[in-house]
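Below is one structure; the comments refer to it alone.
Chain naming here is simple, since letters A, B, ... match the order of the sequence lines and numbering starts at 1 in each.
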Amino acid sequence: MKNKEISKLLREIVASYIIKNEAKYRFQIIAYQNAADSIEGLNTQIKDLYAEGNLDKIPGVGETIKKRLEELLKTGQVKHFNEVKKGIPDSTFILMEIPGFGPKKSYKLAAHFNLKNPEKAIDELLKFAKNNKIAGLEGFGEKSQADIIRSVDEYKKSMGKTTKMLLPYAHDIASDVLAYLKKSKYVEKSEALGSLRRMKPLVGDIDIAVASKWPNETIDYFTKYPGKERVIEKGPATSSLLTTAGNQIDLMVQPPDSFGALLQHFTGSKNHNIHLREIALKKNLSLSERGIKNSKTKKLYKFEDEKKFYEAIGLTFIPPEIREDTGEIELAQKNKLPKLIELKDIKGEFHIHSGFPIEPSHDLGINSIEEMIFQAKELGYEYIGFSEHNPSISKHKENQLIDLIKRRNDEIDKASQKFNFQTFKMMETDILPDGSLALPEKALEILDASVVSIHSVFKMDKNQMTDRIIKGLTHPKAKILAHPTGRLLNERAGYEVDFDILFDFCKKNNKILEINSYPNRLDLGDNLIRKAVEMMVKLVINTDSHASYQMNNMIYGVSQARRGWASKDDILNSLSYNEIKKEFKKN
DNA sequence: GCCGTTTTCGGCCCGACTGTTTTCAGTCG
C-alpha cells in the first residue's frame, strides 16, 4: 500500500468520526488528520519505514496509530477502522470530492438515497437533484439543491478543488488579479499569499490580501473581475471567485493598520498558524487576521507590519517559504533561524541545453550557444555550463561522438571569447540501466565535468536504482546528479532511491545534487533538500533550460532551496568561477 | 490520539460565509 492510499484511508477515518460524533471524537479527528497530512508529505514509503522499525518517527504517529498501521501492512486492513466506518456507505467519501461537500452532507445524501455504488454515486445524486428530490429533505432547500447541480457540473469539468496548478502558472494568474486590483482607488496595498507566497511547487487556490479603508467597495470591485465565471461567496471582509479557467481566487480585506496581521494569517500554513496561536494562548494572547487580542483586557493590538507581529509574540520574522511548522517556530523563538539562500547569491548555473546540433539522445535546446550566454550576462551571471544531452550512442560510432562534442566545445570557446564570458564545457550524460555512462572515456576526458541523470528504465527496485545512480556518479567527471528523483509534478511520482545511502555517498565523494528549477520538476523537493542540508551534502540550483527565457526559472529552484532551509553555503553556484573550477578538479 | 525548555497529565486555533434556520450547522481556509 502506497503512502497516498494510506493517507486517504486515514482521511476516511477522520470523516467517519465527524459523521458519527464530531464533538466526542474531536481530538481523534485532529490526530488522524495530522497523521494523514504527515504521511502524505513523507519521502519514504511507509512499508520501508515499517521494515526499518521507524514508524513512530513520523510526526503525528504515536503508539495507537503505529499499531493500526502495522496491522494494515500485515493484514491489508484494520479492525478498528472497519468498526469506525461501519454504517457509512463508501459513496460518502466519493461525494466529498465535490466542492462544497463535507462529511456530513455527503453522508446524509449517500445514506438517504442509498447510494451503494461509489462509481455511480455522483451521477445518481445528480439525477435525484434534477428530479427535485433533494429540496424537500431536512436541512436542504431549493437553493442547496441548485448548488448541488452546479457543483457536480463544475466538478465534472474539473473546476474548483481538483488538480493543483504549477507554481509559475499560479503566479501568472495572481499577477493578473493583482494588476486589476491595483487599478482601483479603494485598494491601498495588495499581495498574493497562501501557498503561492510560501512558493509551494503546486498551488490550489490563489489567495490575495488587500489593505483598504473601504472594504465593501473593494469587494464589490473584486467581484467584477473580468476573468470571473461566478462569485462563490461575498461577505463584508472576504470574497471568493471562480475564474473562467476554473481556478478559485480568495480575497481578504483588512484596514491598512491591520495589514501585517492579515499577511501573517493568510500566508499560513495552517499548521504554522495553529502552533503560533497555541504559543500565544499561553501568554493570554489570541491571534487573528485583525491583530493580537489580550484575552484578559480584551484589547486588540493592530499590526501594519508582519515582522512586528512576530516580534509581539516573542519570535523573529520567519520567511514565508519555511512556515510549515517543522521546527522554524522553535528556532525563531531563540533567534536561531538560518539565513536562507537568495536569488542574488546565484552566480551562474550548469544545466543549459543549447541548440547546437549535437544529435542528442533526448531533446535539443532551441537557442544558440551565443544566445544562452547573452541571457546569462543579462542575468548578471559570472559563468554558465553547457550540458546538452549526450549524442545518441546507438546512432554514432565512438569517433563520431567525440567529433560532435569537440565541435560543440569549439563553438563554446568561440562564443565565450566573443562575449568575454566564462563557460564550462559539460554534458548531460545518461546513466544507463547497468550504471555505466552513455559516453566513452575519451569523450568524458574532453569535458570540464558532467551532469548525469536517469532518463530510461524508471521501474527498478529501490536498491538497484540506488546502486545504478551511485555507479554512474562514481566516474570522476560525473559531478552533478540532475533531477535526482525523476518526478514530474501532476504526471508521475519518480523512481525510488535510498536517499540515506545516496546522500552519504555524495558527501564522501564530493558529488553534488541538483535542485532542478524546471516548473514541473522542482526536483529535489523541499523535504529531501532539507535532509541533504542536514547531512551537509552540497547542492546546486540549475534551470535545465532548453530556451534562453527559461533561465528566468531560477527563482523557483531558489525558492525550493529556501523551503528546504538551504543557506548560501549549501549551494555550489553561489561560488565564484575560480572556486567552481577548483571544485570540478577535486576527485 | 498526540505531545512536552512552564506538563508523562491535561491540554488541543480562529474566524469567515451560506443556507436553512429563528440561533445554528456545515464547509472552508
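If you check the side chains of D325(A) and H275(A), you find a donor sitting under 3.5 Å from an acceptor. R197(A) and T267(A) share a side-chain donor-acceptor pair at under 3.5 Å. Judged purely by distance below 3.5 Å, without hydrogens or angles, the side chains of Q264(A) and N273(A) pair a donor atom with an acceptor atom.
Here R290(A) reaches the OP1 or OP2 of dA16(B): one of its side-chain N or O atoms lies under 4.0 Å away. Residue S144(A) has no polar side-chain atom (N or O) positioned under 4.0 Å from OP1 or OP2 of dG19(B). At the phosphate of dG29(B), neither OP1 nor OP2 sits under 4.0 Å from any side-chain N or O atom of K270(A). Taking only side-chain nitrogens and oxygens, K105(A) never comes nearer than 4.0 Å to OP1 or OP2 of dG26(B). At least one side-chain nitrogen or oxygen of R68(A) sits closer than 4.0 Å to the OP1 or OP2 atom of dG1(B).
Salt bridge E306(A)/R323(A): present, at least one basic N to carboxylate O contact under 4.0 Å. One finds no salt bridge joining E70(A) and K47(A) here, because no Lys/Arg side-chain nitrogen approaches an Asp/Glu carboxylate oxygen to under 4.0 Å. Between K143(A) and D147(A) a salt bridge is recorded (basic side-chain N to carboxylate O distance below 4.0 Å).
Counting any heavy atom pair closer than 4.0 Å across all strands shown, K282(A) reaches a base atom. Across all strands shown, E142(A) has heavy atoms under 4.0 Å from sugar-phosphate atoms exclusively, and none from any base. Note on S286(A): only backbone sugar-phosphate atoms sit closer than 4.0 angstrom, heavy atoms only; bases stay farther off. Note on Q333(A): nothing from the nucleic acid sits closer than 4.0 angstrom, heavy atoms only. Counting any heavy atom pair closer than 4.0 Å across all strands shown, I65(A) reaches sugar-phosphate atoms only and no base atom.
The C1' atoms of dT8(B) and dC2(B) are separated by 12 Å, rounded to the nearest whole Å. Comparing dT7(B) with dT21(B), their P atoms are spaced 50 Å from each other, to the whole Å. Comparing the P positions of dT20(B) and dT27(B) gives an interatomic distance of 14 Å, to the nearest angstrom. Comparing dC13(B) with dG4(B), their P atoms sit 15 Å apart, to the nearest whole Å. Taking atom P on both nucleotides, dT5(B) is separated from dG1(B) by 24 Å, rounded to a whole Å. Taking atom C1' on both nucleotides, dG10(B) is separated from dG15(B) by 26 Å, rounded to a whole Å.
With the nearest nucleotide of DNA chain B identified for both I18(A) and I58(A), I58(A) has the one nearer the 5' end. Position along DNA chain B of the nearest nucleotide to D147(A) versus P59(A) favours P59(A) as the more 5'-ward residue.
Rounded to whole Å, atom P of dC13(B) lies 9 Å from atom CZ of R277(A). Taking atom CG of N335(A) as the reference point, atom P of dT5(B) lies 19 Å away to the nearest angstrom. The CZ atom of F266(A) sits 16 Å away from the C1' atom of dC13(B) (whole-angstrom rounding). The CZ atom of F140(A) sits 8 Å away from the P atom of dT27(B) (whole-angstrom rounding).
Stacking of F27(A) onto the six-membered ring of dC12(B) is present: less than 5.5 angstrom between centres, less than 30° between planes.
dG15(B): Watson-Crick or G-U partner is dC28(B), with both key distances under 3.5 Å.
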